[in-house]
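We name chains A, B, ... by the order of the sequence lines, and we start the count at 1 in each one. Computed from a predicted model, the values in this text were never measured in an experiment. Heavy atoms only: backbone and side chains are in, while hydrogens, waters and symmetry mates are out.
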2 protein chains.
Amino acid sequence: MPRSTRRRPALAHPATEEIDLFDVLHALSDPTRMTIVRTLRAEPERACGTFPVDVAPSTLSHHFKVLRESGLIRQREEANRRLTALRTVDLEQRFPGLLDTVLAAHAQAPAVAEDGQGL
Amino acid sequence: MPRSTRRRPALAHPATEEIDLFDVLHALSDPTRMTIVRTLRAEPERACGTFPVDVAPSTLSHHFKVLRESGLIRQREEANRRLTALRTVDLEQRFPGLLDTVLAAHAQAPAVAEDGQGL
DNA sequence: TGCGATGTTCGACAATCATCGAAACTGCGT
DNA sequence: ACGCAGTTTCGATGATTGTCGAACATCGCA
């Protein structure tokens with residue numbers, strides 16, 4: 001039996017109208033995920049391994065899943081790597097100004113002693 | 001000996017410059033706490049028991065603690081009750097536009113089936 | 001002085017979370 | 001055909017979370 005019969009699970013993303021605010025806020029309330037989002041703001045599309053975060057690959061994969069299911073990022077398969085992009089247009093349509101405001105807030109002076117993995 | 005010697009723990013709030021974005025985002029990512037914040041937007045100051053949320057008093061107390069320590073609300077003692085207010089000015093100074101934008105986002109059409117305790 | 005109203009603190013508990021290492025899968029290059 | 005590079009899935013683990021009930025504290029009032 002060809003083992004290629006097992007297709008990849010197809011990468012589910014929520015539709016724009018289905019993006020949930022609580023999911024988005026929760027996704028952004030983690031420093032590692034915030035770093036990912038901020039990185040994606042500069043670069044339009046990046047491979048998973050190229051983010052300036054210091055966690056194990058499996059942990060990174062978990063964070064991508066949280067971000068993807070919250071509607072913040074979109075991922076597509078290309079060859080044997082997965083490219084990630086911010087859903088800026090969808091986010092702007094669903095929650096106007098939210099992403100910009102939150103990212104601007106994060107760019108503010110860090111509260112006291114920010115974690116070391118700043119972009 | 002007067003038993004009033006034991007003072008109440010004094011209600012610690014973070015200073016405006018110490019408000020942490022991740023704490024704020026986490027605090028807002030819970031529906032019960034979002035309801036509290038939204039309620040506070042209309043009424044400037046409210047007693048704890050007067051919020052339209054359906055949880056046990058101890059649970060409510062927990063949520064107030066999270067909101068207070070994140071810097072979103074300020075609480076002061078008055079007689080035997082505790083009055084709660086949104087720190088709108090401090091929030092606006094620390095993270096301009098954030099509170100308005102998030103609350104506006106929550107006022108958007110609910111994602112799919114919002115929880116029943118809408119304001 | 002004691003009671004009731006208002007809230008908090010203190011465990012306890014189940015659920016979720018961030019993290020890791022090991023194993024597996026996919027596609028490209030040798 | 002083989003192996004490597006890039007990622008995910010699968011447990012496992014320790015920490016955090018939201019929730020509750022019971023007990024306690026404080027204040028005003030009868």
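- Distance CZ (R82(A)) to C1' (dT7(D)): 7 Å, rounded to an integer number of Å.
- Atom CD in E69(A) sits roughly 14 Å away from atom C1' in dT9(D) (whole-Å rounding).
- Comparing dG7(C), dT8(D), dC28(C) by their nearest atom to the side chain of A79(A) picks out dC28(C).
- Taking only side-chain atoms of C48(B), from C-beta outward, the nucleotide of dG6(D), dT8(D), dT8(C) with the closest atom is dT8(C).
- Candidate nucleotides dG7(C), dG6(D), dT9(D) were compared by shortest atom distance to the side chain of A47(B), and dG7(C) ranks first.
- For L11(A) and dT7(D), the CG to P distance is 13 Å, given to the nearest whole Å.
- Spacing between atom CD1 of I36(A) and atom C1' of dT7(D) amounts to 13 Å, rounded to whole angstrom units.
- Cation-pi geometry between R82(A) and F64(A) is not met: the NZ or CZ atom fails to fall both under 6.0 Å from the ring centre and inside 45° of the normal.
- If you check the side chains of H13(A) and R68(A), you find no donor sitting under 3.5 Å from an acceptor.
- Going from atom NZ of K65(B) over to atom P of dT19(D) covers 16 Å, rounded to whole Å.
- Between the side chains of Q93(B) and T16(B), no donor-acceptor pair of N or O atoms lies under 3.5 Å.
- The CZ-P distance, from R46(B) to dT6(C), rounds to 14 Å in whole Å.
- For F22(A) and H106(B), the ring centers sit closer than 6.0 Å to each other.
- Ion pair R94(B)/D20(B) not flagged as a salt bridge, since none of the NZ, NE, NH1 or NH2 atoms sits closer than 4.0 Å to an Asp/Glu carboxylate oxygen.
- Looking at residues two or more places apart in sequence or on another chain, you find a salt bridge (Lys or Arg N to Asp or Glu O under 4.0 Å) between D90(B) and R74(B), R87(B).
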Table of protein N/O atoms under 3.5 Å from nucleotides 17-20 of chain C N/O atoms:
{"from": "dA18(C)", "atom 1": "OP1", "to": "R33(A)", "atom 2": "NH1", "distance (Å)": "3.2"}
{"from": "dA18(C)", "atom 1": "OP1", "to": "R33(A)", "atom 2": "NH2", "distance (Å)": "2.7"}
{"from": "dA18(C)", "atom 1": "OP2", "to": "R33(A)", "atom 2": "NH1", "distance (Å)": "3.4"}
{"from": "dA18(C)", "atom 1": "OP2", "to": "H62(A)", "atom 2": "NE2", "distance (Å)": "3.0"}
{"from": "dT19(C)", "atom 1": "OP2", "to": "H63(A)", "atom 2": "NE2", "distance (Å)": "2.4"}
{"from": "dC20(C)", "atom 1": "OP2", "to": "A56(A)", "atom 2": "N", "distance (Å)": "2.8"}
{"from": "dC20(C)", "atom 1": "OP2", "to": "T59(A)", "atom 2": "OG1", "distance (Å)": "2.8"}

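- As rounded to whole Å, 8 Å separates atom P of dC27(D) from atom CD of E77(B).
- At whole-Å resolution of the value, CZ in R68(B) and C1' in dG7(C) are 11 Å apart.
- T84(B) pairs in a side-chain contact (heavy atoms from CB on, under 4.5 Å) with only one of the listed residues (L40(B), L67(B), T50(B)), which is L40(B).
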